[in-house]
Amino acid sequence: MNPFTSRVIDIIKSIPPGYVMTYGQIAGMAGSPRGARQVVRILHSMSSAYGLPWHRVVNAKGEIAIKDDESRFKQTIYLSDEGVIPGKDGLIDLERYRYVPVDMSER
DNA sequence: GCCATGGCTAGTA
DNA sequence: GCCATGGCTAGTA
């Protein structure tokens, strides 16, 4: 597996309950700032095999971007179960719920 | 060719 | 709304 792919998987697995990350944020953290779509692909195809908390990933606007209605609904439920509730505008407040891991090398 | 993006712009109000 | 972007694990043998 490509290093980028395994980094993305590790990052996604590190998102704690009650928090979300964005596709672009994950891609950038994995070393490919333009790789948001790869994150999408990984989430789409490898979530079940790797037990990824796929529901904790949203787009840059704080939207649940998944297309499939059923999965979309599940994501909404999973997030609300963890306390992540969209605002009146339907968007998840990233200021509040975004997970920003502390980079140990910068301490 | 696929995919659940992201960021910038045109066009409107 | 448009379009540049990029790495590759889909699946019902």
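Letters A, B, ... are given to chains in the order of the sequence lines, protein chains preceding strands, and every chain is numbered from 1. What you see below is based on every heavy atom in this structure, not just the backbone, and it leaves out hydrogens, waters and symmetry mates. It should be emphasised that the depicted structure is a prediction, and the values quoted were computed from it without experimental measurement.
Looking only at side-chain heavy atoms (C-beta outward), Leu52(A) and Leu43(A) come within less than 4.5 Å of each other. Proximity of Ser32(A) to Arg7(A): side-chain heavy atoms (C-beta onward) are nowhere separated by under 4.5 Å. Inter-residue side-chain proximity for Leu79(A) and Ile64(A) is flagged as met; some heavy-atom pair is nearer than 4.5 Å. Looking at Leu91(A) and Pro86(A), their side chains never come closer than 4.5 Å, going by heavy atoms from C-beta outward.
Within a 6.0 Å sphere centred on OH of Tyr19(A), heavy atoms belonging to other residues, nucleotides or ligands number 12 at most.
With both ends at atom C1', the span from dA13(C) to dC2(B) equals 23 Å, rounded to whole Å. Taking atom C1' on both dG7(C) and dC8(B), the two are 24 Å apart, rounded to the nearest angstrom. Nucleotides dG6(C) and dT9(B), compared at atom C1', are 24 Å apart to the nearest Å.
Remark: DNA chain C forms stems of 3 or more consecutive Watson-Crick or G-U wobble pairs, all pair distances under 3.5 Å, at B:1-3 with C:6-8, B:5-8 with C:1-4.
Of the candidates Ile11(A), Leu94(A), Ile15(A), Ile15(A) is the only one forming a side chain to side chain contact (heavy atoms under 4.5 Å, CB included) with Tyr99(A). Val58(A) pairs in a side chain to side chain contact (heavy atoms under 4.5 Å, CB included) with only one of the listed residues (Gln25(A), Gln75(A), Glu63(A), Met21(A)), which is Gln75(A).
Val8(A) and Val100(A) fall into different hydrophobic clusters, defined by Ile, Leu, Val, Met, Phe, Trp and Tyr side-chain heavy atoms under 4.5 Å apart, directly or through other members.
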Atom pairs, protein N/O to nucleotides 4-6 of chain C N/O, distance under 3.5 Å:
unit_1 : atom_1 : unit_2   : atom_2 : d
dG6(C) : O4'    : Gln38(A) : NE2    : 2.8
dG6(C) : N2     : Gln38(A) : OE1    : 2.5
dG6(C) : N3     : Gln38(A) : OE1    : 2.1
dG6(C) : N3     : Gln38(A) : NE2    : 3.4

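Taking 4.0 angstrom as the limit, Thr5(A) places a side-chain polar atom (N or O) nearer than this to OP1 or OP2 of dC8(C).
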